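One structure is given here, and the rest of the page talks about it.
On a predicted model such as this, the values are computed, not experimentally measured, just so you know. Proteins get letters first, then strands, A, B, ... in listed order; numbering begins at 1 in each.
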Amino acid sequence: MLTLAPRASKPQSPDLLAWYDRHRRSLPWRAEAGEVPDPYRVWLSEIMLQQTTVTAVKPFYLRFLERFPTVAALAEAPVDAVMQAWAGLGYYSRARNLHACAKAVVDKHAGAFPATEAELLALPGIGAYTAAAVAAIAFHEPAAAVDGNVERVVSRLFTVEEPLPKAKPLLRTLTLEMVPLDRPGDFAQALMDLGATICTPKRPACALCPWMAPCEARAQGSQELYPKKQKKLTGDLRRGAAFVVLRADDSILLRTRPTQGLLGGMVETPTSAWEPGYEPSRAMLDAPIEARWQRLPGLVRHVFTHFPLELTVFLAKVPRGTPEPGDMRWTLRRDLHEEALPGVMKKVLAHALGDGKPVRNGAAKPKPDQI
DNA sequence: TAGTCGTGGGG
DNA sequence: TCCCCAAGACT
């Protein structure tokens with residue numbers, strides 16, 4: 001009978017903090033050792049980092065901060081400007097909630113972020129994780145900020161057998177018990193740095209981990225089996241048609257999507273419905289205007305969180321002076337970069353306008369940025 | 001509670 | 001190519 005070796009000790013936060021003091025990542029939103037963190041920057045970064053990689057966030061964060069340097073500046077800005085600054089980053093309800101939150105901070109909290117986890121939790125777009133992270137990092141509150149990194153680290157430390165997301169309450173409790181009262185913010189960031197650089201999903205670098213000794217999973221050699229999670233199924237393929245109208249004055253027909261739902265409040269070319277049984281051969285029934293439509297070869301493929309999408313792109317060239325249908329508008333091609341275009345729509349426009357080459361056979365696809 | 005909400009990078 | 005995943009929130 002195999003007996004598992006008991007781990008050497010319980011995980012001690014000073015061991016993690018000592019590691020953090022030597023190996024902490026330098027990030028644009030992170031105060032250097034000894035600096036006082038700015039709650040606005042901490043909050044902004046936490047919202048952007050929700051389900052989004054550090055690499056993806058960096059340029060958006062720097063650009064955003066330049067455009068909206070303070071929570072007051074953000075609150076005063078029109079929501080469309082915020083959506084435009086967010087375009088390309090994904091999960092667009094975050095941008096709408098971000099703006100609403102800035103307004104709430106100005107209107108209900110005299111322009112200063114509240115310092116407690118409970119008050120932060122009441123603000124739009126701030127959930128359990130973000131409330132704890134901002135409270136700990138910006139205000140030194142002893143809160144347990146449990147994100148995906150922390151779930152992984154702690155589930156390995158204690159070999160939590162319960163699968164996610166049911167294990168969340170237990171993981172929060174286990175984390176909270178380890179939070180040191182003197183450095184709660186550093187502890188939160190240390191745990192996330194550890195998860196991002198050492199305790200990675202695949203092939204964790206256990207030999208470099210300050211918590212190798214107390215880690216139960218490491219003792220068993222089972223670290224890659226945690227956290228356990230129930231798998232979710234991907235949705236069925238949906239198809240649709242996208243219509244790119246190029247007017248002779250070099251403008252494009254656009255519209256804004258409803259604020260609720262998929263790509264809420266973002267800008268798109270006119271499209272058909274997106275549904276599993278869509279027939280591109282009947283797309284003319286969905287065209288926004290009468291014109292000589294050209295069905296472009298190839299498809300625009302895009303994968304959302306819960307379903308894959310294939311769009312057939314149709315292109316029409318219409319004369320100067322062609323009026324826009326109701327609730328649509330013309331935007332000059334050179335001004336497209338100012339529109340809140342999500343990734344899938346940049347792909348559509350690149351496919352229709354990009355470089356004219358077919359997207360077949362390994363030919364270089366035009367980059368969605370360069371329209 | 002489980003489904004909805006983007007995008008890009010890595011193995 | 002495919003799958004996983006990344007500092008989750010909201011309904």
Side-chain angles (χ1 to χ4, degrees), chain A residues 25 27-30 41-61 83 86-98 100-101 120-138 143-153 164-166 168-169 171-172 175 185 187-197 199-204 224 227 229-235 238 257-266 268 301-309 340-347 362 367-369:
Chain A
R25 290 178 292 175
L27 300 169
W29 46 85
R30 179 175 282 180
R41 300 185 181 201
V42 172
W43 163 74
L44 175 61
S45 69
E46 290 300 340
I47 303 296
M48 285 190 168
L49 287 161
Q50 289 168 6
Q51 299 292 288
T52 310
T53 59
V54 166
T55 305
V57 164
K58 273 181 183 173
F60 281 88
Y61 172 83
M83 301 306 290
W86 203 274
L89 197 52
Y91 285 129
Y92 298 101
S93 65
R94 290 186 297 175
R96 193 167 300 279
N97 285 330
L98 186 87
C101 184
L120 289 162
L121 193 54
L123 291 167
I126 297 185
Y129 162 75
T130 304
V134 173
I137 297 170
V146 183
D147 71 331
N149 288 307
V150 179
E151 287 174 350
R152 186 170 57 254
V153 170
L164 289 170
K166 291 190 68 176
K168 280 174 179 286
L171 291 169
R172 172 161 289 100
T175 305
F187 180 77
Q189 295 176 94
L191 221 34
M192 289 186 276
D193 276 18
L194 188 71
T197 64
C199 195
T200 49
K202 295 166 190 168
R203 297 185 61 80
E224 289 201 51
K229 48 181 70 175
Q230 54 185 56
K231 62 170 68 175
K232 41 189 166 263
L233 24 87
T234 71
R238 301 185 200 179
R257 295 176 61 92
T259 55
Q260 304 288 334
L262 184 71
L263 301 173
M266 301 300 285
E268 65 176 4
R301 292 188 171 83
H302 193 78
V303 181
F304 293 97
T305 307
H306 49 300
F307 68 91
L309 174 67
L341 291 165
V344 63
M345 284 302 144
K346 289 183 178 175
K347 287 185 192 175
K367 291 205 170 148
D369 284 347

> Which residue pairs pass the salt bridge (charged side-chain N to carboxylate O under 4.0 Å, His left out) test when at least one of the two sits in residues 41-56 of chain A, sequence neighbours left out?
Replying inline: A/D38-A/R41

Would you kindly give the [atom1]-to-[atom2] distance between [X] and [N], to the nearest whole Å?
X: A/K229; N: C/dG8; atom1: NZ; atom2: P; answer: 11 Å
X: A/R301; N: C/dT1; atom1: CZ; atom2: C1'; answer: 12 Å
X: A/F60; N: B/dG6; atom1: CZ; atom2: C1'; answer: 11 Å
X: A/M48; N: B/dT7; atom1: CE; atom2: C1'; answer: 14 Å
X: A/E224; N: B/dG11; atom1: CD; atom2: C1'; answer: 11 Å
X: A/L121; N: C/dC10; atom1: CG; atom2: C1'; answer: 12 Å

> Who are the side chain to side chain contact (heavy atoms under 4.5 Å, CB included) partners of A/T305, not counting sequence neighbours?
Replying inline: A/Y91

Counting only side-chain N and O atoms of [X], is one of them less than 4.0 Å from OP1 or OP2 of [N]?
X: A/H306; N: B/dG3; result: no
X: A/Q51; N: C/dG8; result: yes
X: A/H302; N: B/dG6; result: no

>> Can you list, in residue-number order, the parts of residues 87-96 of chain A that come under 4.0 Å of DNA chain C, counting heavy atoms only?
In response: A/Y91

> Under 3.5 Å, is there an N or O donor on one side and an acceptor on the other linking the side chain of A/T52 and the base of B/dG6?
Replying inline: yes

>> Regarding B/dG6, can its base be found pairing with the side chain of A/T305 as donor and acceptor, where the two atoms are less than 3.5 Å apart?
In response: yes

